[in-house]
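Here's the structure we're looking at; comments come further down.
Everything numeric here is computed off the predicted structure, so don't read it as measured data. In what follows, every chain begins at residue 1, and chains take the letters A, B, ... in the order their sequences are listed.
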Amino acid sequence: MAVDAAAVRPGATPQPAEPLLRVAHVTKHFRAGVSGVVHAVEDVSFDIKPGETVGLVGESGSGKSTLGRVITQLVPATSGQVIFDGVDLTTLRGERLRQQRRHLQMIFQDPFASLDPRMTVGDIIAEPLVNFGLHDHKEKDRKVQELLRVVGLNPYFNNRYPHEFSGGQRQRIGVARALALNPKLIVCDEPISALDVSIQAQIINLLEDLQREFNLTYLFIAHDLSVVRHISDRVMVMYLGKIVEISPSEDLYESQEHPYTKALLSAIPVPDPKIESQRRLVELSGEIPSPLFPPSGCNFHTRCPIARVPGICADEDPQLQEKSPGRFAKCHFSDEVRTKV
Amino acid sequence: MATVVTAQIAEEDATQGGVLVREQVGLWRDGLRRLRRNKLALAGAFYLIFIVLVALVAFAWTPYKPSAQNVCPVEFAYADGISAAHPFGCDPLGRDILSQMMQGAQISLIVGVGTSLIVCVVGISVGLLAGFSRGVLDAVISTVINAFYGVPYLLLSLVLYLVLGPGLLTIMIAISATSWMDMARLVRGQALSIREREFVEAARASGTRQGRILFTHIFPNALGPIIVQATFIIPVAILTEAFLSFLGVGIRPPLFSWGAIASGSNTGGTPLNLLQSAPWIVLFPSAALSVTLLAFNFFGDGLRDAFDPRQKR
Ligand SMILES: Nc1ncnc2c1ncn2[C@@H]1O[C@H](COP(=O)(O)OP(=O)(O)OP(=O)(O)O)[C@@H](O)[C@H]1O
Ligand SMILES: [Mg+2]
């Protein structure tokens, strides 16, 4: 785990194990109004190995969806590279980009908005297949029914419309569509946050089953650390467009290298009342700052319980550094996170 | 894995049973169901079906030839007006008004539907092009649209009347030329907003080409408002035709339209002295016109409500 993330560091030697996805210094700015610039994603770098599930967690507005959409090239990056399977997607246009899409699919947050209400479920799931040359009706029906079965829906639902389904069922339809082309990587953008709690676990289980069956690699976006906990091999924490901590997930819930991660974990109640009462909680002061005017230096310093302000935290943006084997944090004082926070 | 999945189906089936058991109903059928509950729209629809039938019958049969003179004695027409032989009376030249009005129904429907079709073809193409391409092309098209709003339709109608001569096509072109802009603007707005919806993004993510996105996602999702707008163009076109014909620059003998009959321009009289001497000549075609306009508007309102996606009845 340590090895592949280390490659991200400037000056580090390239690692032999090829990552499936390498995101290098990706920045995405949106124009807002005449002169405003939304710093949605700032200089983000990480790798994902084949077969891995990487969780991406952060508050609303931290730039998770934007990062996911830059990776799938639904929006162009302002700068940086998205190297997927050895090809830099940011240099591709038109048909060559389209050809790459079959290996790189996305599951969307809103299962109601992401299915065309005027199309039957069969047509929705068949669309990726048609896009890449499957036109034979019999074969199409057969594949659609197979996909419906794989995601746990009745295969004879293919003539129905999305509005006849519940949220959980619709998300299964979205999963079937993402699976249709047999992709290598699926970006799951908060696939369960719009669903009832009772349905959430079912979708997570489905995604895990599918990963085993089809050798999938996931970038799994969520706004809550508890959700990614058991599905992820590694977790990345994002704050205001930047990745502040990367860690194997089993370690992250034990100890944290970044005060923001600690604060996010504090927000999750622990079921054991004894531990809960002894836990030191980190409360974040104030609101997340606007990405239109990100704070100077470390952009977390305005809400950080251990920030030196005025001082280095307000002046200098820390690098994402390996603090202990496999664990990266972007903090000047990560040593203090364990003891003082 | 198979067992896990089946267990899940069972579980969700149990919780969402109502949704699953429901018989398959497409969005269009949902809309029609709502339309059928709307009494005014339904009444409008029935009246319109009646008018269509009258127009169809008129192709094969009218009580008299609409332009045949002296089918009833002139004196008789003015003295008694309405009779069993001539339920809507006769005009001063002794022509049967009912026969003329049956032809008028044809003219109205042809002008209304024809104009609406022309407007749809022009407005949808222009609107989709502008909304989907955005950028410079959109700016140019939007300027052209605004320029057309400045064209006075009466003036254009007169010019076309002089250049192309009287006739159905002249009228349809004149009305279309001054009413396609609403359709283009509507379609442009729809395209602009639908292209930002998540399912369009999802389609792009699964490798759908631009053209296919336009025709399989954006257009079908804009179809509801387009149909409603197209329905509302029909009464506007019918009214405009009637008005032009009333002024004498529309339909001319040997054809009769409701506006032309009511004006008395076919008879040499003026509407005012006709109203005194033979009011039925003015009143019947005017009534037919008004009720038809109302019916189209009720029906259009009903359609709009039925296909409004926010409606969940
Ligand atoms: N197309 C756009 N134009 C301008 N600003 C945008 C655009 N898309 C996103 N943003 C801005 O970029 C920032 C990051 O948005 P993003 O949707 O990536 O956040 P997120 O982490 O996915 O949040 P959420 O949990 O609410 O989905 C936000 O401030 C948002 O307003
Ligand atoms: Mg998001």
Mind listing the closest non-hydrogen atom pair of [X] and [Y] along with its distance?
| X | Y | value |
| --- | --- | --- |
| R118(A) | N221(B) | CG-OD1, 3.4 Å |
| A202(B) | S114(A) | CB-O, 3.8 Å |
| R197(B) | P117(A) | NH2-CG, 4.0 Å |

* **Atom OH of Y149(B): over 12 foreign heavy atoms under 6.0 Å** =>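 More than 12 within 6.0 Å, yes.
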* Under 6.0 Å from the CZ atom of R212(B), do we count more than 12 heavy atoms belonging to anything else shown? ->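 Atom CZ in R212(B) is packed in, count exceeds 12.
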Measure distances from [X] to the heavy atoms of chain B and classify the residue's part below 4.5 Å as side chain, backbone, both or neither.
| X | answer |
| --- | --- |
| R69(A) | side chain |
| V130(A) | side chain |
| L181(A) | side chain |
| E95(A) | side chain |
| F132(A) | side chain |
| L104(A) | backbone |
| T72(A) | neither |

So which of [options] has the largest heavy-atom pair count under 4.5 angstrom toward chain B?
| options | value |
| --- | --- |
| P183(A), P128(A), G174(A) | P128(A) |
| L115(A), I107(A), L97(A), V187(A) | L115(A) |
| L129(A), D110(A), I124(A), N131(A) | N131(A) |

* Might you work through the side chain to side chain contact (heavy atoms under 4.5 Å, CB included) test for R204(B) and L74(A), ending with a clear yes or no? => CA-CA 7 Å; R204(B) 280 204 293 136; L74(A) 290 173; 4.0 Å; yes
* Asked: Once you round to the nearest 0.5 Å, how far does CG of D116(A) lie from OG1 of T216(B)?
  ->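 These two atoms lie 7.5 Å from each other.
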* To do: State, yes or no, whether a side-chain contact exists between S206(B) and Q105(A) at a heavy-atom distance under 4.5 Å.
  =>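 Touching, per the 4.5 Å side-chain cut-off.
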* Asked: Taking it one step at a time, do F108(A) and E201(B) satisfy side chain to side chain contact (heavy atoms under 4.5 Å, CB included)?
  -> CA-CA 9 Å; F108(A) 292 84; E201(B) 188 157 74; 3.9 Å; yes
* Is it true that a side-chain atom of R98(A) and a backbone atom of G207(B) form a donor plus acceptor pair closer than 3.5 Å? ->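 Pair found, side chain donor or acceptor close to backbone of G207(B).
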* To do: Tell me, with the steps shown, if H217(B) and E127(A) meet side chain to side chain contact (heavy atoms under 4.5 Å, CB included).
  => CA-CA 11 Å; H217(B) 294 285; E127(A) 183 167 45; 2.6 Å; yes
